[in-house]
Amino acid sequence: MTERATGYAIIAGSGFESFAADTAGQWLETPFGMPSAEIRQLTYGTCKVSYLARHGDGRHLPAHRVNYRANLAALARLGVSDVLAVNTVGVIRAGLAPGALAVPVQLIDYTYGRDHSIYDENSATLDHVDFTRPFCDDLRAGLLQAGRTAGVACFDGGVYAVTQGPRLETAAEIDRLERDGADFVGMTLMPEAAIARELRMRFACLSLLVNHAAGRSEKGIYEDIETSMESATSHALRVLEAFFENLQ
């Protein structure tokens, strides 16, 4: 890949294992090591978009082992300024069902032991970024408008609880997350969102609701996922396509 990427990137994980797999890519080394996978360049109409598989090609990296710093730093090297993160989540909030999409407005971080910042002991500078609103309002609005364009319902808002993984949560833990105000639960949004903010990237999340969280359904979690993943992924692809069509 010799052409410089434009300002948009998609980072995706579960459900997107074969997405762009046949597209040529390039490895980019960063001060934080190598990213999860080659960065591939996609074309949506007249838009050139960088794509990165969060868990690596073949989905071999669990959420707590993803090198989020290298992933974002590699995209920054390509001039990416706007990141659309695609994440699969469990549903805590009553009234929402697997197979749908959401565009969260807030997050709560329960992860630990991950490299949460680009500012480590080797940094020459330090910045305490304002993380009051972790997602870019303009990108959120663009995703919601894309849902309307594509005829795909996207829930507007909600709080994403980010857990450590790789195991799923207990029913009691989900009860606690609900008391804390969480509507969805997943494993990959942090520190991705915070590092994007440190790198001055605009960032928003498109969440695929693929299962009821633990204790929220009589069905098994993996039964939910088997039923809902294909539908949610298809809807997400339509929203992403509409998002870039609306830019043209």
Side-chain angles (χ1 to χ4, degrees), residues 1-16 18-26 28 35-54 68 71-89 100-107 129 133-158 160 188-189 192-209 231-248:
M1 186 195 309
T2 57
E3 185 174 355
R4 184 179 177 84
T6 53
Y8 285 90
I10 298 168
I11 303 176
S14 300
F16 285 74
S18 61
F19 185 61
D22 58 349
T23 305
Q26 66 172 336
L28 286 175
S36 296
E38 294 180 306
I39 299 175
R40 295 176 166 85
Q41 185 168 293
L42 308 177
T43 301
Y44 288 90
T46 60
C47 294
K48 298 291 177 58
V49 180
S50 296
Y51 172 73
L52 178 60
R54 182 185 290 110
Y68 297 95
N71 286 352
L72 273 300
L75 292 173
R77 279 191 57 188
L78 290 175
V80 168
S81 58
D82 295 67
V83 176
L84 302 179
V86 182
N87 311 75
T88 58
V89 300
L101 303 180
V103 183
V105 71
Q106 276 292 340
L107 64 83
V129 295
R133 298 181 64 84
F135 305 117
C136 170
D137 289 337
D138 288 343
L139 288 184
R140 287 191 69 257
L143 287 171
L144 293 167
Q145 179 58 50
R148 291 187 287 270
T149 299
V152 175
C154 294
F155 179 80
D156 180 2
Y160 183 134
T188 54
L189 191 57
E192 194 169 89
I195 292 170
R197 180 64 54 87
E198 290 181 339
L199 290 169
R200 303 300 188 267
M201 292 173 164
R202 304 199 313 169
F203 185 97
C205 171
L206 181 64
S207 290
L208 283 63
L209 283 54
S231 173
T233 302
S234 175
H235 290 160
L237 289 172
R238 287 167 56 191
V239 169
L240 291 172
E241 183 175 358
F243 178 90
F244 292 108
E245 285 179 355
N246 289 343
L247 295 177
Q248 301 172 50

Can you tell if the side chain of [X] reaches within under 4.5 Å of the side chain of [Y], non-hydrogen atoms only?
| X | Y | result |
| --- | --- | --- |
| Ile10 | Tyr44 | yes |
| Val49 | Phe243 | no |
| Val86 | Arg54 | no |
| Tyr8 | Arg202 | yes |
| Tyr160 | Thr188 | yes |
| Leu84 | Leu206 | no |
| Leu189 | Val89 | no |
| Leu78 | Gln41 | no |

Next item on the list: Determine, stepwise, if the pair Asp156 / Arg140 fulfils side-chain contact (heavy atoms from CB on, under 4.5 Å).
Entry: CA-CA 9 Å; Asp156 180 2; Arg140 287 191 69 257; 2.6 Å; yes
Let me confirm one number: the [atom1]-[atom2] distance from [X] to [Y], rounded to the nearest 0.5 Å.
| X | Y | atom1 | atom2 | value |
| --- | --- | --- | --- | --- |
| Arg77 | Leu75 | CZ | CG | 11.0 Å |
| Phe16 | Ile11 | CZ | CD1 | 13.0 Å |
| Leu240 | Leu143 | CG | CG | 7.0 Å |
| Cys205 | Leu139 | SG | CG | 11.5 Å |
| Leu101 | Arg238 | CG | CZ | 9.5 Å |
| Arg200 | Ser81 | CZ | OG | 14.0 Å |

Which atom names give the shortest non-hydrogen contact between [X] and [Y], and what distance separates them?
| X | Y | result |
| --- | --- | --- |
| Thr23 | Arg40 | O-NE, 2.8 Å |
| Ala74 | Leu28 | O-CD1, 3.5 Å |
| Leu72 | Ala196 | CD1-CB, 4.0 Å |
| Arg197 | Arg133 | NH2-O, 2.8 Å |
| Val80 | Ser50 | CG2-OG, 4.0 Å |
| Gly147 | Cys154 | CA-SG, 4.1 Å |

Notebook entry, point to check: For Asp138 and Asp82, what are the C-alpha separation, side-chain angles and deciding distance, and is it a side-chain contact (heavy atoms from CB on, under 4.5 Å)?
Noted result: CA-CA 10 Å; Asp138 288 343; Asp82 295 67; over 6 Å; no
Margin query: Classify the ring geometry of Phe135 against Phe203: parallel below 30°, tilted from 30° to 60°, perpendicular beyond 60°.
Written below: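 Parallel: the ring planes of Phe135 and Phe203 meet at under 30°.
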